[in-house]
Amino acid sequence: MDGCHMCIDALKEDVLAKLSQMLDNSTCGWRQLATAAAKHPRFQCSEKEMTACSLHVLNAAGSPARCFLAHLADRRCPLDFLSRCLTEIDHREAAQLISTTMAELIRITAQPQSQHSRPGSRVLLTCGASGPPGLTYQWFKGNEEILDQTGGSPQLVLFPLSPAHQGHYICRVSYGERYVFSQWAHVGLVCSAGSSPGLSPRPLALVSLLPTGSDVDAVRVFVPTGCSSSLFPGSVSGLQVVLQPQSQVVSEGAKLRLECQAKANPPAQVQWYHNNKPLPQKKTPVLEIPCVTTEHRGEYSCKVYNLYHEVWTDAAAVNIDSEDDSRSHPPQQTSEESSSAKNFYATDKVALLIGNMNYLHHTPLCAPICDVHELTNLLRQMDFKVVSLLDLSWQEMQNAVAEFLMLLDKGVYGLLYFAGHGYENYGNSFMVPIDAPASYTSDHCLCVQSILSRMQEKQTGLNVFLLDMCRQRNFNDDVIVHPGPLRVTANIVFGYATCVDAEAYEVKREDTSNGIFISFLKQRVCENEKVTVMLDRVGEDMGRCAITRGRQALELRSNLSERRSLTDPIQTSDGSASQSARNHQWAVAHDLPKSQCLHFDCGVQVQLGFAAEFSNVMVIYTRILVKPEEVVSCSAQLTDFAEDVDVDLKKSNQDCLIEAGSLGLIEEELPSPDVPSLYTRICNLQRLKKELTFTVCLHYTYSNMDEEIQERLPVLVGKPLVSKLNLHERRPTRSFSTNISLDSLGFSECSSFAFAEGPALSGSMSNASSFPKETSRADSPAKLRSDNVPEETDCPEFFHTTELLVSSKSLPHTQVNETSYRFSDMCNFHSL
């Protein structure tokens with residue numbers, strides 16, 4: 001629904017409650033808003049209605065502002081009109097809340113499509129989006145903005161097409177400071193058989209391939225990227241198309257036959273294309289489709305090439321003669337019609353993302369932190385409740401998965417992503433925690449198939465597993481695990497980053513690292529396609545990358561019978577108890593401490609702010625708000641943290657987030673970024689057994705003194721984020737690594753959220769070694785937060801607005817292809 005037509009009654013309950021609280025004041029509140037809204041006759045309230053609103057103050061739980069907003073909702077007041085009225089009365093905080101809510105409605109509705117065309121032709125790239133009024137568009141070619149007159153519009157025109165236009169394009173759709181990106185679209189230049197032989201030579205891209213730890217020289221691969229040229233040995237006349245494919249009309253159910261013949265020396269190879277997309281396995285001069293349907297209509301062309309040249313045939317138009325009225329529609333509308341006909345939906349969407357990097361007894365990994373962060377941002381765009389956790393022990397993984405299971409219910413889409421070490425034995429996949437011993441077995445790991453069995457008990461609508469780990473055999477483990485019988489649900493999708501008995505790789509760069517799997521997945525995961533179709537395309541993209549060919553290939557296993565997509569909308573009954581419980585569960589476990597203002601004896605006032613980078617990683621920043629004139633210099637530093645959490649002292653109290661080790665937050669997204677701050681990053685909050693305490697140490701000097709003075713104030717902030725769940729505790733629940741049938745255990749499930757009105761009590765069980773004894777294994781049900789997006793709390797005493805810190809989106813980046821990687825940069829996810 002577009003923002004310009006969206007009314008107040010479409011706001012979520014939590015937004016309405018927050019807005020009402022903001023407007024329940026006498027100086028700049030609902031009465032001033034009523035005066036501004038009354039300028040439009042439709043939204044004028046009578047004196048009787050205003051009095052009825054005022055009387056709500058007599059009720060302990062009443063809200064005059066909420067009553068007034070209900071009157072506006074009854075009159076179908078648009079959100080953009082409400083936003084203008086709030087700006088008019090100068091209520092910046094409320095206006096920002098509405099603006100942020102509207103910005104979250106941005107959705108890409110039409111993705112730009114890759115195209116290949118001839119020189120001089122006209123290419124049109126289109127990006128469609130829905131959202132609030134005033135959306136802005138900006139096209140990029142690679143990392144560079146396109147500044148011509150169409151670069152800032154939904155449609156980018158490339159005319160006349162020339163070699164300079166070849167490359168990858170992406171569109172950014174923005175509303176204020178919020179934005180989303182479209183998928184990448186490639187524009188290529190092709191030459192027909194009759195093209196002039198004088199075309200410019202194709203540039204050569206050099207890819208250096210070097211296996212990890214190898215001492216041999218790099219293997220240089222030259223990749224031609226344009227049209228054929230007479231500068232190569234031979235000439236264009238050495239590759240000539242002698243038979244062009246012919247346009248035709250074919251009856252539905254009949255046989256389609258297209259033929260292309262060419263003379264070439266050396267002999268030519270053939271690749272058929274349908275609507276500018278390559279047809280797998282169609283690499284012979286004769287293309288035959290035994291039984292055509294309407295999806296086969298469109299344009300067919302053939303690329304003919306050898307070592308020196310590449311030419312294209314003329315396009316052949318194929319129309320399907322069908323009794324269906326839809327035959328009059330152009331081919332481009334076929335996918336759209338089928339897409340609009342689907343009516344699948346989720347009752348909710350929940351995702352658990354685990355990235356294990358810092359292994360105690362195995363090779364540490366670099367990519368999971370970036371992979372989890374990027375996938376989190378993408379899933380949030382599709383309305384998933386995301387929980388993102390880094391570096392979990394066996395006990396913590398058991399409990400995290402159990403909490404994740406408690407968020408599932410009938411019709412819910414559940415997604416589990418794991419990046420780290422792993423292995424596969426006898427058809428079962430095992431995720432390795434960071435405290436696994438050197439010679440680990442299934443007793444030390446989590447069995448993915450056991451988790452699936454538990455998910456099926458919840459009658460979920462879709463179960464997706466994305467496993468970014470190795471799948472080699474573990475010869476230390478000869479136990480055949482029996483996870484329990486699986487039901488025939490036809491809604492299971494497994495996306496493996498690599499094949500059986502193969503390794504998965506990560507690519508190390510100077511600033512960040514990414515796994516190969518996520519590098520390709522992040523470009524397609526938001527496509528409005530059946531999950532299996534989307535993953536198939538990811539696999540095809542990986543297969544076209546020379547650096548991974550023969551080393552890593554995506555494997556897809558699925559019994560999904562319906563066209564369910566990760567982009568399917570969420571529909572739930574009004575006032576659904578299970579929906580409210582889920583919202584409450586993940587919200588409680590992801591509360592950030594309130595911002596504080598500390599007053600020191602010297603007159604200096606220091607603000608403490610908090611932001612969430614992951615569900616178990618928090619950043620604390622300090623700012624000097626007030627400094628007396630006689631104090632010439634001062635800084636507020638954090639120290640004396642609890643032993644349970646991890647704080648890198650070398651990276652604490654840094655001037656910027658990058659130096660503090662934070663990759664997921666940026667200073668510009670914090671309120672008042674121009675105010676100097678010191679940042680400290682706190683990791684592994686899931687291991688916090690008691691309330692988090694630390695000390696703020698103020699260092700300052702007076703103008704008439706050289707000696708530095710220190711003042712210290714202790715701070716107590718409770719149990720932030722997932723520390724409330726006590727994931728470190730052993731719980732009397734079913735295990736995901738046991739070989740006992742799950743159905744033989746009859747524990748009643750209860751969530752730690754159900755009783756979490758305030759901070760959870762710290763557990764009495766210390767868990768120095770989290771591995772199970774012989775009979776007892778932990779893994780409780782419950783919940784996890786949906787949203788590991790960075791969040792922030794601020795001090796309203798000193799700032800007008802309290803902004804929700806959103807995660808940093810990826811800037812336009814060059815496509816993932818052969819030239820992006822060097823094999824010397826790749827590192828194995830070693831499984832043994």
Side-chain angles (χ1 to χ4, degrees), residues 1-7 10-12 78-80 99-115 123-140 146 150-157 168-187 275-277 295 298 326 329-346 349 377-384 413 462 521-531 533-534 537-538 563-571 806 809-810 812:
M1 180 182 294
D2 292 344
C4 56
H5 301 299
M6 193 171 189
C7 301
L11 292 176
K12 295 181 179 179
L79 282 180
D80 56 341
S99 176
T100 300
T101 302
M102 295 173 65
E104 291 174 348
L105 303 174
I106 303 177
R107 293 288 185 273
I108 301 293
T109 57
Q111 298 283 1
Q113 301 298 316
S114 297
Q115 300 184 42
V123 171
L124 182 67
L125 296 178
T126 301
C127 176
S130 63
L135 293 179
T136 60
Y137 297 78
Q138 178 59 58
W139 287 90
F140 293 81
I146 299 176
T150 63
S153 66
Q155 293 185 326
L156 176 66
V157 179
H168 284 74
Y169 293 80
I170 194 171
C171 183
R172 182 183 67 198
V173 184
S174 308
Y175 178 78
E177 297 181 354
R178 305 286 181 123
Y179 52 87
V180 296
F181 282 101
S182 70
Q183 68 182 20
W184 288 97
H186 180 258
V187 174
N275 293 333
N276 293 325
K277 296 181 179 180
E295 69 176 10
S326 64
H329 291 265
Q332 295 87 341
Q333 293 183 359
T334 303
S335 61
E336 295 178 8
E337 291 168 3
S338 62
S339 174
S340 62
K342 78 178 184 67
N343 56 357
F344 297 110
Y345 63 90
K349 300 180 186 178
N377 295 337
L378 294 170
L379 291 175
R380 288 188 67 253
Q381 295 179 27
M382 296 180 284
D383 298 324
F384 272 85
Y413 286 11
L462 179 65
L521 178 67
K522 66 185 180 182
Q523 300 183 50
R524 293 194 178 273
V525 70
C526 291
E527 292 181 355
N528 183 23
E529 295 286 355
K530 185 178 178 180
V531 183
V533 173
M534 179 270 293
R537 293 178 178 176
V538 174
R563 191 196 178 280
R564 292 194 178 268
S565 167
L566 297 181
T567 60
D568 288 344
I570 297 176
Q571 292 184 17
V806 298
K809 300 290 189 298
S810 301

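- Between atom OG of residue S182 and atom OH of residue Y137 there is a gap of 10.5 Å, rounded to the nearest 0.5 Å.
- Interatomic distance, Y413 OH to T567 OG1, rounded to the nearest 0.5 Å: 9.0 Å.
- No donor-acceptor pair under 3.5 Å is formed between the side chain of S565 and the backbone N or O of N528.
- Pairing each heavy atom of W139 with each of S153, the nearest pair is NE1-O, 2.7 Å.
- Partners of Q138 according to the side-chain contact (heavy atoms from CB on, under 4.5 Å) rule, which considers only residues two or more places apart in sequence or in another chain, are F140, E145, R172.
- A donor-acceptor pair under 3.5 Å links the side-chain atoms of Q113 to the main chain of Q111, judged by distance alone.
- Looking at Q115, its side chain never comes within 3.5 Å of a backbone N or O of N276 through a donor-acceptor pair.
- We find the CD-SG distance between Q183 and C171 to be 11.5 Å, quoted to the nearest 0.5 Å.
- What you find for V187 and L125 is that their closest heavy atoms are CG2-CD1, 3.9 Å.
- Considering only heavy atoms from C-beta on, I146 comes within 4.5 Å of Y169 through its side chain.
- The side-chain heavy atoms of F384 and L566, taken from C-beta on, include a pair separated by under 4.5 Å.
- Taken from CD in E529 to CZ in R537, the straight-line distance is 4.0 Å, to the nearest 0.5 Å.
- Counting heavy atoms from C-beta outward, R107 and V173 have side chains that stay 4.5 Å or more apart.
- Taking 4.5 Å as the limit, some side-chain heavy atom of M534 sits within range of a side-chain heavy atom of V525.
- Within the 3.5 Å criterion, the main-chain N or O of D568 finds a donor-acceptor partner in the side chain of K349.
- Closest non-hydrogen pair, S130 versus T109, comes out as OG-CG2, 3.7 Å.
- Residues C127 and I108 meet the side-chain proximity criterion, which asks for heavy atoms closer than 4.5 Å.
- Taking CH2 of W184 as the start and NZ of K522 as the end, the distance is 10.0 Å to the nearest 0.5 Å.
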